[in-house]
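Some notes on the structure that comes next.
Here is the naming used below: chain letters follow the sequence lines, and residue numbers restart at 1 for every chain.
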Amino acid sequence: MADIQLERVRKMFGKVLAVADVSLHIKEGEFMVLLGPSGCGKTTLLRCLAGLERVDGGQVIIGGDDVTDHPPGKRGIGMVFQSYAVFPHMTVFDNIAFGLQMQRVSSAEIQRRVGEGAELLQIQQLLARYPAQLSGGQRQRVAVARAIVMRPRVLLMDEPLSNLDALLRLQMRGELKRLHHEVRSTTVYVTHDQVEALSLGDRIAVMKDGTIVQLDIPDRVYDLPATRFVGSFIGSPPMNFLEGTIRSSNGARALETAGVRLEFHGVPARGRDAVLIGIRPEHIAVERVAVAGGIPAGAIPAAVVVVEPIGPQKLLTVQVGPSTLKVTTPVDFAVDQGQRVWLRFDPSRIRLMDPQTGDAIAS
Amino acid sequence: MTTPGRKALLTVLVVLISAWVLFPIILIALASFTTRTQLYAWPRSLVPSPFSAETMRFFVQAQDVLQSLLNSLLVAAMTIVLAVLIGAPAGYALSRFRFGGKEVFRLGILGTKMFPATILAVPLAVSFINWNLYDTLLGVALVHTTLALPFAVVITTSVFVGVPFELEEAAMTLGCSRAQAFRKVAMPIALPGLAAAAIFTFVLSWNEVFAATILTLRNRTLPALVMNAVGLAGAPIDYRFAGGFFMIIPALIIIFVIRRYLLTLWGVTVR
Amino acid sequence: MTVAEQRLEQTLPPVRRQAVDWLPYVLLLPTVVFLAVFFVYPMLQAFVLSFRSPEGAITLRYFQAMLKDTYFAGALRNSFLLTAIIIPLQVVLALVIALLINTRFQGHPWFLFICAIPLGISDLGAGLIWSSFFTERGYLNLILQNLGLINEPITFLSFERPAWLYGAIVATEVWRATAIVMVILVAGLQLIPKDYFETADVFGASSWRKLRYVTLPLLRPALQTALIIRTILAFQLFATVIVMAGRIVPVLAGEAYFQYGLLRNVNIASAYAVLIMTLSMTITIFYLWLLRTKEEELGRG
């Protein structure tokens, strides 16, 4: 086991910059998730770490050793591929034993360690089979077992669950979490699935255009997105964004949107007047005001465009001025398309962004 | 598509065309098992009575036939080894790497495939005399390799495209060098495909007449021997019939064995 | 400019000089060297042999000798004539077989196998097979005799019966080399997505119109390949002809064979080789031009 230090790693494909001078420190035993849309450079970064791509600049340091120029087999890594890359011409046993045989481990030791790995992944009864006789989930387990019996200093996983069907993916996700708790190896896990990232990662590095835009623990990545991109990439449905303005009256600055003054205490003391308000669907309370009642203070009027029951909740699409927002309500909240409702934002959950750059404004 | 008229038409066409292809083969097989005296008799019956291996035996025991059969097999074996050893690395490179000049190479291979390459045996004969390759089996094998190489490159390219590079990468993360990953993973998986390339090469070499005839004098391959016997010496009909049948037997067997891969081998890679 | 690119410009480039990956070139090297020695070099050598006099000057004497040769005019005419007769027959027959196979009738794999058998048979083998039919003591005479049509065998393959000679050669070549056209067309048909036919069905197109407006246009690349390969092979044709007709029906490749094998005249044989090469390439270019896939037709799909 070891920590990983990436120092200004750069990778170009022709003239395209796939990884743009990324620096990242991954602690010993940490489960680090690289999250981002396809083409963001996350897989390329992982492959640079594995030594499957030669970096065009920077350093890769594993456990204090500079391995930048080492071939993949000399880096002390184990890797699980998206396609599993289980060798079709070998039995499950030979697949798992392959790396150990390359290391010239004694056959008794191989027997023992393959048995251990197979037990850990509950594939003991499959050892004599060929990959063609296995299901996708079983092949996945073989691929993981093959990597961990090497006792790698670092375990690398490239979208390992993306080829599984939904139910199996959920099950394997739990298995991987259990495995990490048992083995505790430093893990780097690439995915484009934000739910996987949130559920598995000790920390998440969100990537875009070859750079890391946010590096933090899952809760903070979810609650305090560093940019508009992170907010809209993570969460399903994603964070809502609507235009807001900061107005000064009587020397105090207050946040307004759609002509409504919002209750919000984090207004920055200085700076531009136009802002982008980010708020997650579950942090918006929806109210229907009784016929007799007037307009509730601090509530934003909205028109319901779509009502979708999604099991535990209802998902509403509402129109506020020019913006379309997604909000969730309890299932028993009676509402119909075309009705008028009032929205109340949880003041502690509002996130302000710069409308030009999309970066979060410190409050 | 299932009206009775159509179905009848389809059946008639299929039967007629199958008969057109099979009939001559059956005829020459019958001729090869007719005794020599019967072959020259007039009139005689269509089906030999009795069936006799005499004519086949006469051909096999004719001068140089067994030696040239051996020569043909040796030339084919050398051609297979050369074509696969030289062509497979190129096929591997085309399937795995992006590099400058790749398209030029591809076009060159395509041009070579579409070239009447057997004709090159004429100028090569002169060079071969200087290089001490004239009238040698190796010389014929080298020309056959030239004919087979473009196809070997194309077939092995598609074979290696079918072996995911991730498998080799996985082997490399498990401690293999690039060469070890190829040898322990890509190679064993590609083996059946390489066998297909070998079979294609065998058929090509076994059937090649022109270059083999031009480039040999005494060390004839079987087609070159028969060609000369027929073309320049006017061989008798029993020799012709038995020789013809004898030469097509291996091809018939091979086409039968690889019938599932006919389309891929000839239909796709030939273009 | 993306954010990443802006950042790149701001940072100092700690770029390592990346060496060119030589591995692919090393792997291609054997093929390139081999083809240079055994393909490019003899090709140049063919020109040298046919254009250079023993004194080292450029000469046309070998070509003049070739042109004056008694067999040349006939060989040129026969090569073109046979090609022009054989190839259309092969394409039509191959297309019929390919379309039959494409109906996926029960047993079509066997039909494909039977039709593909001649793939493994050489022009020499095919010539010998068919000579057992056409020769004087062959099966054609036997059948005619059994039917009571003749009493004495007829010598079909003689210079007195040129039509029979041509017919026998054409039959043999159509029998032998239709297979390669057929296999290329079947492979080409398999590449056509089923949607096209389903769309045509939706619009109620008749079978004939489907063939004319859907299948054939989409099959054009396969047809082009098949035509090029067949034509080049047709100009290399010699064993079939020699078996059937000896030198009564001279052809270009056959003359190269006789000039070298019988007369030991390398220079004139090389002149024939250069002629065959030139003709093949001209015809290939002609086909590429004739059957060029028009861009707008591709885009319309």
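Summarising the local packing, CZ of B:Phe99 is surrounded by more than 12 heavy atoms from other residues, nucleotides or ligands at distances under 6.0 Å. For B:Asn130, the CG atom sits in a packed shell: over 12 heavy atoms of surrounding residues, nucleotides or ligands are nearer than 6.0 Å.
Looking at B:Thr112, the atoms closer than 4.5 Å to chain C (heavy atoms on both sides) sit in the backbone and in the side chain alike. With a 4.5 angstrom heavy-atom cutoff, B:Phe97 touches chain C only via side-chain atoms. In this structure, no portion of B:Leu147 lies under 4.5 Å from any heavy atom of chain C. Residue contact with chain B, scored on non-hydrogen atoms closer than 4.5 Å, is absent for C:Val241. Using a 4.5 Å cut-off between heavy atoms, C:Pro153 touches chain B through backbone and side chain atoms alike. Within the 4.5 angstrom heavy-atom criterion, no atom of C:Val181 approaches chain B. Using a 4.5 Å cut-off between heavy atoms, C:Leu49 touches chain B through its side chain atoms alone. The contact between B:Ala41 and chain C is made entirely by backbone atoms, counting heavy-atom distances below 4.5 Å. Both the backbone and the side chain of C:Ile129 come within contact range of chain B, with heavy atoms under 4.5 Å apart. For a residue to count as touching a neighbouring chain, one of its non-hydrogen atoms must lie under 4.5 Å from one of that chain's; by this rule B:Leu39 touches chain C with the backbone only. Only the side chain of C:Met281 comes within contact range of chain B, with heavy atoms under 4.5 Å apart. Neither the backbone nor the side chain of B:Tyr239 comes within less than 4.5 Å of any heavy atom of chain C. Contacts between C:Ile101 and chain B at a heavy-atom distance below 4.5 Å are absent for every atom of the residue. In this structure, chain B has no heavy atom under 4.5 Å from any part of C:Leu237. For a residue to count as touching a neighbouring chain, one of its non-hydrogen atoms must lie under 4.5 Å from one of that chain's; by this rule B:Arg96 does not touch chain C. Contacts between C:Phe38 and chain B at a heavy-atom distance below 4.5 Å involve backbone atoms as well as side-chain atoms. Contacts between B:Val153 and chain C at a heavy-atom distance below 4.5 Å involve the side chain alone, from C-beta outward. With a 4.5 angstrom heavy-atom cutoff, B:Val14 touches chain C via backbone and side-chain atoms both. Only the side chain of C:Gln190 has a heavy atom closer than 4.5 Å to any heavy atom of chain B. Both the backbone and the side chain of B:Thr146 have a heavy atom closer than 4.5 Å to some heavy atom of chain C. Looking at C:Phe235, neither its backbone nor its side chain comes within 4.5 Å of chain B, counting heavy atoms on both sides. Residue contact with chain C, scored on non-hydrogen atoms closer than 4.5 Å, is absent for B:Phe246. Both the backbone and the side chain of C:Tyr257 come within contact range of chain B, with heavy atoms under 4.5 Å apart. Only the side chain of B:Met247 has a heavy atom closer than 4.5 Å to any heavy atom of chain C. For C:Phe258, the part sitting under 4.5 Å from any heavy atom of chain B is the side chain, from C-beta outward, and nothing else. Both the backbone and the side chain of B:Leu142 have a heavy atom closer than 4.5 Å to some heavy atom of chain C.
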request  = Decide side-chain contact (heavy atoms from CB on, under 4.5 Å) for C:Ser280 and B:Phe115; before the verdict, give the C-alpha distance in whole Å, the side-chain angles of both, and the deciding distance to 0.1 Å.
outcome  = CA-CA 8 Å; C:Ser280 306; B:Phe115 193 86; over 6 Å; no
task = Show your reasoning for whether side-chain contact (heavy atoms from CB on, under 4.5 Å) applies to B:Val21 and C:Thr178.
result = CA-CA 10 Å; B:Val21 177; C:Thr178 298; over 6 Å; no
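Taking chain C as the reference chain and counting heavy-atom pairs below 4.5 Å, the highest number among B:Val143, B:Val203, B:Leu204, B:Ile248 is found for B:Ile248. Heavy-atom pairs under 4.5 Å with chain C were tallied for B:Ala235, B:Pro89, B:Gly244; the largest tally goes to B:Pro89. Contact count versus chain C (heavy atoms, under 4.5 Å) is highest, among B:Gly100, B:Ala125, B:Pro250, B:Gly108, for B:Gly100. The greatest number of non-hydrogen atom pairs below 4.5 Å with chain C, out of B:Phe245, B:Tyr92, B:Phe256, B:Phe23, is found for B:Phe256. Listed options C:Pro24, C:Pro118, C:Gly127 were ranked by heavy-atom pairs under 4.5 angstrom with chain B; first place goes to C:Pro24.
Screening residues 262-273 of chain C for salt bridge (Lys or Arg N to Asp or Glu O under 4.0 Å) gives no qualifying pairs among residues at least two apart or on separate chains. Under the salt bridge (Lys or Arg N to Asp or Glu O under 4.0 Å) criterion, no residue pair touches residues 99-126 of chain C, with sequence neighbours excluded.
Rounding to the nearest 0.5 Å places CZ of C:Phe113 at 10.0 Å from CD1 of B:Ile258. For the atom pair B:Ile86 CD1 and C:Phe34 CZ, the distance stands at 5.0 Å (nearest 0.5 Å). Atom CG of C:Leu27 and atom OG of B:Ser95 lie 9.5 Å apart (nearest 0.5 Å). The OG atom of C:Ser131 lies 8.5 Å from the CD1 atom of B:Ile237; values are rounded to the nearest 0.5 Å. Rounded to the nearest 0.5 Å, atoms CZ (C:Phe238) and CE (B:Met227) are 4.5 Å apart. Taking CG of B:Asn207 as the reference point, atom CD1 of C:Ile121 lies at 8.0 Å (rounded to 0.5 Å).
The two residues B:Ala251 and C:Gly120 come nearest to each other via the heavy atoms CB-O, 2.6 Å.
Remark: the backbone N or O of B:Trp20 is paired with a side-chain donor or acceptor of C:Trp175 at under 3.5 angstrom. The closest donor-acceptor contact from the side chain of B:Arg240 to the backbone of C:Leu128 lies at 3.5 Å or more, if one exists at all. When atom types are taken as modelled, the side chain of C:Tyr139 and the backbone of B:Pro24 share no donor-acceptor pair closer than 3.5 angstrom.
With a 4.5 Å cut-off on side-chain heavy atoms, B:Ile109 and C:Leu35 count as touching. Within the 4.5 Å cutoff, the side chain of B:Phe105 has heavy atoms near those of the C:Thr31 side chain.
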